[in-house]
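Take a look at the structure set out below.
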Amino acid sequence: LSANEHRRRASDLVARASRGEIAAIGQLITGLESGSPLAKWARRPLHERGGNAHIVGVTGAPGTGKSTLVGALAKELRARGQKVGVIAVDPSSSISGGSILGDRIRMQEHTLDVGMFMRSMSSRGCLGGVSRATVDAVAVLDASGWDVVVVETVGVGQAEVEIVQIAHTTIVVSVPGLGDDVQAIKAGLLEVADVHVVNKVDRPDANKTMSELLSMLMLGGGPVPGGWAVPVLGTGAHTGTGVPELADALAEHMAWLRNSNQLEVRERAAAGARVRAIAKDLLIGRFHDPPMGSDLDLAIDDVVARRVDPHTAALRLLELVAVSS
Ligand SMILES: Nc1nc2c(ncn2[C@@H]2O[C@H](COP(=O)(O)OP(=O)(O)OP(=O)(O)O)[C@@H](O)[C@H]2O)c(=O)[nH]1
Ligand SMILES: [Mg+2]
């Protein structure tokens with residue numbers, strides 16, 4: 001197909017997606033994941049149409065009830081008339097086989113609702129962790145008129161922090177007892193939270209965990225005047241306890257972002273993170289497995305023969321990339 005045909009078909013697909021055609025949305029997400037040419041041409045129209053969804057990240061230790069909470073939150077937001085997209089990021093390890101199946105089963109509850117889209121994605125094999133395919137999927141939903149896009153990730157490492165970079169609002173989920181609050185801090189999750197949720201409030205010690213979290217936030221100095229006061233909410237995700245309050249907190253956080261300059265600050269940070277991640281992927285891709293006689297191959301010859309030091313060789317290589325792209 002010619003470039004023009006690709007472009008036309010891509011914009012058709014994006015238009016169909018924005019009319020709410022689930023099949024078109026699924027095709028775009030899959031296409032971007034696999035790097036199909038059609039999807040590649042869709043990036044621009046997708047980006048042009050985006051920027052309206054409230055992107056919410058939900059993270060926390062394994063088994064804290066994130067998926068259950070996201071399901072309950074989605075139901076609440078649907079009841080408030082909002083279209084809700086959910087992307088669950090499955091960590092690549094084999095232990096998650098069970099939980100992803102659970103997620104699939106839970107997702108079926110919502111499949112008859114045209115205002116709900118749910119999909120789980122693997123984070124396996126992506127350069128830079130979760131990010132690219134997930135971020136692309138968020139962009140597809142954002143461009144096609146979803147009001148809220150929720151991304152669930154297991155908060156265990158760097159990859160999840162990348163998701164936080166594109167979220168407007170990040171929810172960190174802990175559970176009572178078990179020192180989970182301490183785990184959250186270990187994983188660097190205390191400070192990324194815009195909203196803290198202590199789920200499973202039906203368990204003992206829920207209040208204790210909530211007040212511990214609150215005092216830890218206060219240790220950090222608490223909110224500055226006009227700043228966002230991070231709430232600590234209790235939920236019982238499997239019964240829906242506290243979920244309307246969580247939905248309220250999300251709306252309040254978005255209102256605060258809009259009324260301060262923070263929305264712009266976050267959008268700039270998100271754009272910066274995306275451009276940097278893509279540039280890094282492209283660079284790494286280009287330097288991986290250099291063919292014989294390529295610039296990198298010749299640079300390696302020079303370094304091995306001690307004609308050029310590695311640092312100088314790397315700088316020269318970057319200059320060549322800039323010229324040739
Ligand atoms: N007692 C109690 N159990 C809950 C609550 N919410 C979820 N659970 C249970 O906790 C378990 C884990 O729930 P999930 O929603 O799969 O947790 P998750 O954080 O998504 O798990 P991963 O995606 O594997 O990290 C399930 O057995 C849920 O039924 C709650 O409010 N109270
Ligand atoms: Mg889950």
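When a ligand or atom number is given, it counts from 1 through the structure's own listing order. Residue numbers start at 1 and run along the sequence shown.
- In terms of polar-atom proximity, S67 is counted as a contact of ligand 1, with an N or O under 3.5 Å from an N or O of the ligand.
- Taking CG of D194 as the start and CH2 of W256 as the end, the distance is 7.5 Å to the nearest 0.5 Å.
- Residue T64 has at least one N or O atom closer than 3.5 Å to an N or O atom of ligand 1.
- Within 6.0 Å of CZ on R78 lie more than 12 heavy atoms contributed by other residues, nucleotides or ligands.
- Atom CD in E267 sits 4.5 Å away from atom CG in L263 (nearest 0.5 Å).
- Between R316 and D295 there is no salt bridge, since no side-chain N of the basic residue sits under 4.0 Å from a carboxylate O of the acidic one.
- An N or O contact shorter than 3.5 Å is missing between V201 and ligand 1 by distance.
- If you look at E152 and ask which of its N, O or S atoms sits nearest the Mg ion (ligand 2), the answer is OE2.
- At a 3.5 angstrom cut-off on N or O pairs, A237 counts as close to ligand 1.
- Between W41 and H6, the angle of the ring planes stays under 30°, which puts this pair in the parallel group of the 30/60° scheme.
- Counting heavy atoms under 4.0 Å from ligand 1, residue T239 does not touch it at all.
- Contact analysis leaves R203 out of contact with ligand 1, as no non-hydrogen atom separation drops below 4.0 angstrom.
- Each of the following atoms of ligand 1 lies closer than 4.0 Å to a heavy atom of E152: 20 (O), 23 (O).
- If you take CE on M210 and CD on E212, they are separated by 12.0 Å, rounding to the nearest 0.5 Å.
- Within the coordination shell of the Mg ion (ligand 2), defined by N, O or S atoms under 2.8 Å, T68 is absent.
- For ligand 1 and G236, the ligand atoms under 4.0 Å from any heavy atom of the residue are 31 (O).
- Under the 4.0 Å criterion applied to side-chain N and carboxylate O atoms, E5 and R9 are not assigned as salt-bridge partners.
- The distance from ligand 1 to the heavy atoms of P62 drops below 4.0 Å at these ligand atoms: 25 (O).
- Contact check for R266 versus L257: side-chain heavy atoms found under the 4.5 Å cut-off.
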